[in-house]
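All values below were derived from every heavy atom in this structure, side-chain atoms included, with hydrogens, water molecules and symmetry-related copies excluded. When a ligand or atom number is given, it counts from 1 through the structure's own listing order.
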Amino acid sequence: MIDSYGRNITYLRISVTDKCNLRCTYCMPEEGVDELKHSDLLTFEEIAEFTKCAVSMGITKVRLTGGEPLVRRGIVDLVRMISDIEGIEDLSMTTNAILLKQYAKPLREAGLQRLNISLDSVDRGNYARITRRDELPAVLEGIDEAIECGFDRIKLNCVVQKDRNEPDALGVAAYAKEKGLDVRFIRTMNLDTGEFWIVDGGTGGDCSICNRIRLSADGHVLPCLFSDIGFAVREYGNREAIEKAIGAKPEKGTLSRSHEFYNVGG
Ligand code: SAM
Ligand code: SF4
């Protein structure tokens, strides 16, 4: 699928829930957010059908995200349903790792290939301050379990204020080196004001090579994180919603007042 600016769209990010067990200061308010009505949340069958359709149209790479994907009940079943779809070359998940000790093995067995794990600090106090929850020990146990399970690749996502030389970022870099993990540093972005940056060590944030579309937990196909446009799959059907989203992909992101990282998955 080639968009109006010649970009080949091959990458689908699926947000499976807007709920989360952390409250990262740059992502969610302390009091949490109004949860989606259960009936507005796409079912696993709907997500799998959508993904099948997207793959038949040229998607080869799929990432599950959220909110926190591991808090969606039955997530392993969804991973299995998606990994069974022929034509997906790369299936990954972004998670905060709190529940990975329990889920890493079943996820791997269900066909998940790669993990991106969010880790902003290895200092327990700073981690609790940034995420508003004292969960660092569970996260580190989850990461160790994931390493044991032999995922193809584990990458740490570390959100920084400005750059990789901040003390928390240096701590995460040293931890990643010790564990043999990749790490990339993401400068804090702001959807409301349209402040976004090219992700250090990744491809996110570079509009000229953007190959992504997103499916939100409530079933909208989003052409761009930094745009308010979205097409409801229950209204248009899968194929048309995808075609419309790709047709509406802007040359460059601007800003979004209706989306948040926790509901479009970062
Ligand atoms: N809960 C999972 C997690 O944190 O890994 C998945 C969803 S989270 C929204 C996906 C990614 O978006 C995380 O790596 C997170 O650090 C990043 N993110 C959230 N808010 C951000 C912001 N304002 N600026 C930059 N990255 C952000
Ligand atoms: Fe939750 Fe991920 Fe947002 Fe943190 S960044 S609040 S873990 S969704």
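When each atom of ligand 1 is checked for a heavy atom of Thr65 under 4.0 Å away, the hits are 6 (C), 7 (C). Residue Val159 approaches ligand 1 through these ligand atoms, each under 4.0 Å from one of its heavy atoms: 16 (O), 26 (N). Within the listing of ligand 2, atoms 8 (S) sit less than 4.0 angstrom from a heavy atom of Gly67. Of all atoms in ligand 1, numbered sequentially from 1 with element shown, those under 4.0 Å from a heavy atom of Ile186 are 25 (C), 26 (N). Ligand-side atoms of ligand 1 in range of Asn157: 14 (O), range being under 4.0 angstrom from any heavy atom. Set against the non-hydrogen atoms of Met189, the atoms of ligand 1 under 4.0 Å away are 22 (C), 23 (N), 24 (N), 25 (C).
Side chain of Lys155 to main chain of Asp182: no donor-acceptor pair is present (N/O by atom type, distance under 3.5 Å, no hydrogens or angles). With hydrogens and angles disregarded, a donor-acceptor distance shorter than 3.5 Å links the side chain of Arg23 to the backbone of Cys20. Counting only distance, with no hydrogens or angles, the side chain of Thr188 and the backbone of Val160 share a donor-acceptor pair below 3.5 Å. At least one donor-acceptor pair under 3.5 Å links the side chain of Glu166 to the backbone N or O of Gln161.
Counting only protein N, O or S atoms, 1 lie closer than 2.8 Å to atom 4 (Fe) of ligand 2.
Using a 4.5 Å heavy-atom cutoff, the side chains of Leu64 and Ile82 are in contact. Looking at Val221 and Val233, their side chains come closer than 4.5 Å, going by heavy atoms from C-beta outward.
Considering backbone and side-chain N/O atoms, Asn116 never comes within less than 3.5 Å of an N/O atom of ligand 1. Considering backbone and side-chain N/O of Tyr26, one or more are found under 3.5 Å from N/O of ligand 1. Backbone and side-chain nitrogen or oxygen atoms of Ser118 are examined, and one is located within less than 3.5 angstrom of a nitrogen or oxygen of ligand 1.
The environment of Lys249 atom NZ is dense: over 12 non-hydrogen atoms of other residues, nucleotides or ligands sit within 6.0 angstrom. Around CD of Glu148, the count of heavy atoms belonging to other residues, nucleotides or ligands within 6.0 Å does not exceed 12. Heavy atoms from other residues, nucleotides or ligands lying under 6.0 Å from CG of Asp34 number 12 at most. For Glu86, the CD atom sits in a loose shell: 12 or fewer heavy atoms of surrounding residues, nucleotides or ligands are nearer than 6.0 Å.
Under 4.0 angstrom from ligand 1, the non-hydrogen atoms of Thr94 come from both its backbone and its side chain. Using a 4.0 Å cut-off between heavy atoms, Thr95 contacts ligand 1 through its backbone alone, with no side-chain atom that close.
For atom 1 (N) of ligand 1, the nearest non-hydrogen atom from the set Pro69, Gly66, Gly67, Cys24 comes from Gly67.
At a threshold of 4.0 Å, the pair Asp152-Arg108 counts as salt-bridged, since one of the basic side-chain nitrogens sits closer than that to a carboxylate oxygen. Ion pair Asp144/Lys101 not flagged as a salt bridge, since none of the NZ, NE, NH1 or NH2 atoms sits closer than 4.0 Å to an Asp/Glu carboxylate oxygen.
The shortest separation from a heavy atom of Cys158 to ligand 1 is not under 4.0 Å, leaving the residue out of contact.
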